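Please read the structure below before turning to the comments.
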2 protein chains.
Amino acid sequence: MAVQLSEAPRPSPLFLREPEIRRGVELLYFGYSHLTRSIDENLAAQGLGRAHHRALYFIARQPDLRVSDLLKLLAITKQSLGRVLNELGERGLVESRTGKSDRRQRLLRLTPAGAKLEAALFDALRGRLSAAYASAGPSAVAGFWQVLEGLIPDDERERVIGLQKER
Amino acid sequence: MAVQLSEAPRPSPLFLREPEIRRGVELLYFGYSHLTRSIDENLAAQGLGRAHHRALYFIARQPDLRVSDLLKLLAITKQSLGRVLNELGERGLVESRTGKSDRRQRLLRLTPAGAKLEAALFDALRGRLSAAYASAGPSAVAGFWQVLEGLIPDDERERVIGLQKER
DNA sequence: AAAGTTGGACAGCCATGTTGACGCATTTAG
DNA sequence: CTAAATGCGTCAACATGGCTGTCCAACTTT
């Protein structure tokens, strides 16, 4: 990985070179892994998996979310999501109502039990992430957000940022 | 994001409150998802999956990596890893040698074909991540690293940071 | 009325994780 | 030297959560 500066134009600043990219790949992998693992125990105690949590999370985030919007967020097939939603429904954690303007739509929301579980799971995420935020400081957090936003393709970024507003 | 400073003791700074935590959870989820999806097509063309890529990646990163060290990095069972390593071996992408100081150990390294594939996959990751780095700027990247490091438990952080040095 | 959209359901397959049990070579401890 | 621990591989069974394909019902749009 030694470099020859003479050989070619080298427009990229240092932080775009291989070691810095690898560092990002690795930290993203390990950071994501540890954050998600922090709720596995609690989930397993309910007999649920991560797929259930993702659905719970986004339904908590946007009550009366339509199935089709949840599908776009999760980027899985409706068959996969259907299984998850059925299981959440059977356990009394999620309920669906028929849309009023378009009665084909199912609007999803958490039951009180579902909201309670989601809150407990979120607490674990908050514990981990707020510790990381606190030790890094606010301007690091801003950078953290900025880089991650840049990883999201344009067409999807709007949807993700929309989660912030619609509360 | 308006605040009431009067109402209660509020020891946490603003960036540690729920909306900021949720934002981090979501960006981490979507950012990680999109980064990993960026290599799926290439992987599928080789008949490999993400599990294979993770192994390839870390073996590329630390030639002569021991199986036990790879197990610690990946945090999966040796049975799961065994299947992946067998498949990589059958395809001529990874080879293992017997350790010289301890002959029970298998030291893993990429074959030339494996190195070529890993480099191609890394190029896709680099494309995505360097675009995000470039649009966010160097100080944002520093913050990105800092927060992610804080997500990794102390005992593992050493191992992850060690990947940087050992090149 | 015909065509398109949305969502549910059934059936099966695949990738990748899990546990548990065991074997073998090698190294280390007593 | 023998016994225990370690590193690694493997067989077998099973769980999770993706996938495709197909079909149907309900509703909206044209």
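Below, read A as the first sequence line, B as the second, and so on, with proteins coming before strands; counting in each chain starts at 1. It should be emphasised that the depicted structure is a prediction, and the values quoted were computed from it without experimental measurement.
A donor-acceptor pair under 3.5 Å is absent between the side-chain atoms of B:Arg103 and the main chain of B:Thr98, judged by distance alone. Of the possible donor and acceptor atoms, none in the side chain of A:Arg50 sits under 3.5 Å from a partner among the backbone N and O of A:Asp40. With A:Thr111 contributing its side chain and A:Gly92 its backbone, the two residues share a donor-acceptor pair below 3.5 Å. The backbone N or O of A:Arg54 lies less than 3.5 Å from no partner atom in the side chain of B:Tyr29, so there is not a single donor-acceptor pair.
For B:Tyr57, there are no ring-ring contact (aromatic ring centres under 6.0 Å, His included) partners at least two apart in sequence or on another chain.
Read 5' to 3', the first and last nucleotides of DNA chain D with an atom closer than 4.0 Å to a heavy atom of chain A are D:dG17 to D:dT28.
For B:His34 and A:Glu156, the side-chain atoms include at least one donor-acceptor pair closer than 3.5 Å.
Where B:Ser101 and B:Arg83 each meet DNA chain C at their nearest nucleotide, the meeting point lying more 5' is that of B:Arg83. When each of A:Leu48 and A:Arg103 is assigned the nucleotide of DNA chain D bearing its nearest heavy atom, the one mapping closer to the 5' terminus is A:Leu48. When each of A:Ser80 and B:Lys78 is assigned the nucleotide of DNA chain D with its nearest heavy atom, B:Lys78 is the one assigned upstream, toward the 5' end.
Between the CG atom of A:Leu65 and the P atom of C:dG7 there is a distance of 10 Å, given to the nearest Å. Atom CG of B:Leu74 and atom P of C:dG17 are 8 Å apart (whole Å). Rounded to a whole Å, the CD atom of B:Gln46 is 15 Å from the P atom of C:dA15. Computed from coordinates, the B:Arg54 CZ to C:dT16 P distance equals 8 Å when rounded to whole Å.
Residue A:Ser68 places no side-chain N or O under 4.0 Å from the OP1 or OP2 atom of C:dT6. Taking 4.0 angstrom as the limit, A:Arg104 places none of its side-chain polar atoms (N or O) nearer than this to OP1 or OP2 of C:dT5. Contact annotation: B:His52 side-chain N/O to C:dT16 OP1/OP2 distance is under 4.0 Å. Not one side-chain nitrogen or oxygen of A:Asn86 sits closer than 4.0 Å to the OP1 or OP2 atom of C:dG8.
Linking ILVMFWY side-chain heavy atoms closer than 4.5 Å, directly or via other members, places A:Leu107 and A:Ile59 in two distinct hydrophobic clusters.
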